Amino acid sequence: MLMEELLSVKYDVISGDFIRGGEASSNLKKLLNQLGIRSDVVKRICVACYEAEMNIVIHSVGGYIQAKIYNDRIEIIAYDNGPGIPDIELAMQEGYSTASEIAREMGFGGGMGLPNIKRSSDEFYITSEVGKYTKLKIIIYFD
Amino acid sequence: MKVKDIVDALKLRVLAGEKGLNREANGVYTCDLLSWVMSHGKKNNVWITVQIHPNIVAVASLLEFSCIIIPENISVEETTLTKANEENIPILQSNLNAYEICVELNKLGV
Ligand SMILES: Nc1ncnc2c1ncn2[C@@H]1O[C@H](COP(=O)(O)OP(=O)(O)OP(=O)(O)O)[C@@H](O)[C@H]1O
Ligand SMILES: [Mg+2]
């Protein structure tokens with residue numbers, strides 16, 4: 001099986017930008033549809049990418065989403081420059097959220113984003129260092 | 001059933017996304033918690049929500065919802081309407097509340 005990377009895209013994600021928040025995921029979706037990826041797989045990728053993107057918008061100082069497309073899978077890196085997650089196990093629990101009042105009024109802060117990402121992906125890795133960064137790696141296979 | 005049939009039957013105001021009125025509508029989902037919607041919404045659903053900020057268009061577009069219905073005449077942010085026009089997602093406004101809208105949609109067999 002060929003394992004070369006076919007395509008790589010990178011989108012900046014800006015802290016607090018609720019208007020453009022979601023655009024990285026939308027652009028990625030268009031690309032995947034053009035490549036003819038199965039629609040149920042595209043949906044899982046969209047859910048994971050959107051939640052990762054909005055977490056950067058809501059919880060971080062900003063970062064980026066990078067997607068690498070191989071012929072059998074997609075690998076998404078969601079990276080931001082902090083503030084980081086002190087307790088990852090706690091953050092992964094359904095319902096746990098530190099979202100601000102403003103974000104909650106907008107319908108964020110259900111504490112479902114990270115669990116959604118985990119459920120939607122075939123492989124999911126999260127690393128973080130307080131004051132430095134949070135990094136998610138999401139792998140979803142196409143078949 | 002098409003979105004425009006729902007617009008006619010429920011006398012909804014089309015605030016944006018007119019180009020999407022021919023979309024197929026199938027099933028109804030109502031919830032205002034976006035990550036919950038993200039994990040439970042299905043393609044072609046009619047989505048009823050009181051959220052009015054632009055991110056609802058991103059959610060609807062990613063999940064391929066047929067339209068968004070805003071209950072109780074809540075007015076919608078201009079940036080949301082602009083985005084909905086770009087993505088061809090109809091944003092429809094009703095004077096009914098979410099429950100009453102569901103009842104009407106159920107009668108229509110959506
Ligand atoms: N990129 C990030 N940087 C810093 N903290 C984060 C980041 N992503 C998640 N967290 C922390 O993990 C918690 C849980 O995240 P999760 O996405 O599951 O829920 P949420 O974003 O609070 O709400 P929802 O996703 O349902 O809108 C967040 O409230 C926040 O404390
Ligand atoms: Mg989240």
Side-chain angles (χ1 to χ4, degrees), chain A residues 11 13-14 16-33 38-59 91-92 94-97 99 102-121, chain B residues 15-17 19-20 23-24 26-27 29-45 47-66 68-72 74-91 98:
Chain A
Y11 308 101
V13 182
I14 298 159
D17 190 344
F18 291 95
I19 296 178
R20 290 190 52 211
E23 274 183 15
S25 308
S26 297
N27 289 333
L28 184 60
K29 182 185 179 193
K30 279 170 198 144
L31 182 64
L32 294 169
N33 282 337
R38 235 170 55 202
S39 65
D40 58 320
V41 178
V42 173
K43 182 179 171 179
R44 283 166 53 216
I45 296 169
C46 283
V47 170
C49 188
Y50 172 84
E51 296 289 5
E53 184 179 0
M54 292 317 297
N55 276 356
I56 297 176
V57 172
I58 293 167
H59 303 295
M92 287 302 303
E94 286 193 11
Y96 177 81
S97 175
I102 297 165
R104 283 172 199 272
E105 277 173 14
M106 294 175 77
F108 301 99
M112 291 290 295
L114 289 175
N116 277 354
I117 297 171
K118 191 171 183 192
R119 209 174 313 118
S120 301
S121 52
Chain B
L15 302 184
K19 285 188 189 143
R23 280 169 176 267
E24 198 60 38
N26 204 325
Y29 196 73
T30 174
C31 180
D32 304 314
L33 206 49
L34 300 183
S35 57
W36 196 267
V37 176
M38 219 50 213
S39 68
H40 297 276
K42 296 195 177 69
K43 186 177 170 165
N44 292 341
N45 278 177
W47 179 26
I48 306 169
T49 180
V50 299
Q51 298 295 346
I52 50 163
H53 55 79
N55 214 261
I56 61 172
V57 180
V59 170
S61 167
L62 288 171
L63 295 176
E64 298 179 25
F65 285 160
S66 58
I68 301 171
I69 304 184
I70 309 289
E72 302 185 72
I74 300 169
S75 61
V76 178
E77 290 173 25
E78 202 55 44
T79 42
T80 307
L81 301 181
T82 308
K83 254 197 137 169
N85 283 329
E86 282 165 17
E87 299 282 336
N88 298 327
I89 302 282
I91 300 202

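Hydrogens, waters and symmetry mates play no part in the numbers below; they use all other heavy atoms, side chains included. Below, chains carry the letters A, B, ... as their sequence lines are ordered, and counting in each starts from 1. All of these numbers come straight from a predicted model, not from anything done at the bench.
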| Quick one: does B:Arg23's side chain get under 4.5 Å of B:Asn44's, heavy atoms only? | no
| query | Quick one: what part of B:Asn55 sits under 4.5 Å from any heavy atom of chain A, side chain, backbone, both or neither? | reply | both
| field | Electrostatic pair A:Arg119-A:Glu51, nearest N-O below 4.0 angstrom | value | no
| For A:Glu105, is it the side chain, the backbone, both, or neither that has a heavy atom closer than 4.5 Å to a heavy atom of chain B? | backbone
| Parallel, tilted or perpendicular: ring planes of A:Phe108 versus A:Phe18, cut at 30 and 60 degrees | tilted
| remark: Of A:Lys43, A:Met106, A:Met54, the largest count of non-hydrogen pairs under 4.5 angstrom with chain B goes to A:Met106
| Any side-chain heavy atom of B:Ile52 within less than 4.5 Å of one from B:Ile91? | no
| field | Salt-bridge contact B:Glu64-A:Lys29 (side-chain N to carboxylate O under 4.0 Å) | value | yes
| If you tally heavy-atom pairs under 4.5 Å against chain A, which of B:Thr80, B:Leu34, B:Val50, B:Leu63 wins? | B:Leu34
| Checking B:Glu87 against chain A: side chain, backbone, both or neither under 4.5 Å from a heavy atom? | side chain
| query | Quick one: what part of B:Ser39 sits under 4.5 Å from any heavy atom of chain A, side chain, backbone, both or neither? | reply | both
